[in-house]
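Working notes for the structure below.
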Amino acid sequence: MDVLLEVRHFKKKFGTKQVHRDISFQLQKGECLGLIGGSGSGKSVLLRSLIGLEKPDEGELFFQGQNISNFNEEAFIPVRKKIAYVFQGGALFDSMSVFENLAYPLRNHTQLTEPEIEKKILDLLQEFGLAGNEALLPSSLSGGMQKRVGLARSIILGPEVILYDEPTAGLDPFNTRKIEDMIQGLKKKGTTSVLVTHDMPVAFQVCDRIAFLKEGYIAEVIDKKDLRQEKGLLHQFSQGEIP
Ligand SMILES: Nc1ncnc2c1ncn2[C@@H]1O[C@H](COP(=O)(O)OP(=O)(O)O)[C@@H](O)[C@H]1O
Ligand SMILES: [Mg+2]
């Protein structure tokens with residue numbers, strides 16, 4: 001098995017609050033790992049640590065076999081090109097059109113020519129059902145469309161791994177479905193991902209395995225093929241009964 005990301009004995013506290021007590025898991029190439037846990041259980045901090053925005057107190061993080069735990073800002077630059085963090089909101093530049101928002105990372109991080117950039121953007125918008133919106137400003141899009149454009153921008157450089165931080169939070173069923181389709185599409189192309197979500201149906205739909213974060217530990221990891229036998233637990237979590 002090809003392990004792309006690995007977390008070993010991750011521990012992190014803020015003040016006196018021990019958020020992560022001992023977190024270990026591996027992310028295999030090509031899989032989607034769901035990460036479910038109550039609000040404040042440390043899901044975002046864990047994802048942010050993987051791209052160097054937080055430092056573990058103890059434990060190690062490996063990306064493609066390399067220990068990145070003690071990387072400095074500069075060393076994290078190439079890592080962040082390969083690991084995309086898609087956060088809540090996805091913050092687009094308000095004063096730039098959809099096209100300019102998408103062109104920004106391409107102009108700054110690739111050698112592509114303007115015609116190549118244009119083709120890439122139009123193809124991506126087409127693929128994600130966003131064609132025809134390129135000239136619009138984010139403010140003239142619905143919240144759901146903004147999130148979809150934000151997701152498109154996060155992945156436009158073709159990352160190896162995508163960390164989705166509650167990508168469907170606050171979305172209506174239509175846009176939730178669209179985001180789910182985007183995630184599925186990227187997965188089919190071979191992208192590896194971690195999906196943090198409160199939305200059990202989305203996790204169930206998209207993920208190969210689901211890890212449950214509880215009281216600073218990974219309480220349980222369920223394989224998709226076993227999910228159907230875990231109806232009780234799924235029901236409990238889907239009802240928001242996450243301790
Ligand atoms: N920079 C910070 N300073 C202090 N406490 C923080 C900081 N970041 C996160 N926390 C705390 O760590 C806990 C986990 O946060 P987070 O990872 O954002 O949770 P969630 O699972 O909801 O994403 C929360 O109790 C939060 O208040
Ligand atoms: Mg969070």
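When a ligand or atom number is given, it counts from 1 through the structure's own listing order. Heads up: numbering here begins at 1 and tracks the sequence.
Taking 4.0 Å as the cut-off between side-chain N and carboxylate O, E58 and K12 do not count as a salt-bridged pair. Taking the charged nitrogens against the carboxylate oxygens, E160 and K82 have no contact shorter than 4.0 Å, which rules out a salt bridge. Salt bridge present: R8 and E6 bring a charged side-chain N and a carboxylate O closer than 4.0 Å. Ion pairing of E31 with R209 is present here, as a side-chain N (NZ or NE/NH1/NH2) and a carboxylate O approach within less than 4.0 Å.
From the protein, the heavy atom lying nearest to atom 15 (O) of ligand 1 is V45 CG2, 3.9 Å.
Protein heavy atoms are absent from the space less than 4.0 angstrom from atom 27 (O) of ligand 1. Proximity of atom 7 (C) of ligand 1 to the protein is indicated by at least one non-hydrogen atom lying closer than 4.0 angstrom.
Ligand 1 lies within reach of G38, whose nearest heavy atom is under 4.0 Å from it. Heavy atoms of K17 approach ligand 1 to within less than 4.0 angstrom.
Between atom 24 (C) of ligand 1 and the options G37, G42, G40, S49, the minimum heavy-atom separation is to G40.
Contacts with ligand 1 closer than 4.0 Å are made by side-chain heavy atoms of V19 only, the backbone lying farther away.
A side-chain hydrogen bond (donor to acceptor under 3.5 Å, both in side chains) with D123 is found for one member of Q126, K120, K119 and no other, namely K119.
The Mg ion (ligand 2) lies under 2.8 Å from an N, O or S atom belonging to S44.
Checked by distance only, ligand 1 and S44 come closer than 3.5 Å through their nitrogen or oxygen atoms. Below 3.5 Å of separation, one finds no N or O of F14 facing any N or O of ligand 1.
There is no path of hydrophobic side-chain contacts, each under 4.5 Å, that joins I121 to Y104.
In this structure, K55 forms no cation-pi arrangement with F71, as its terminal cationic atom is not both closer than 6.0 Å to the ring centre and no more than 45° off the ring axis.
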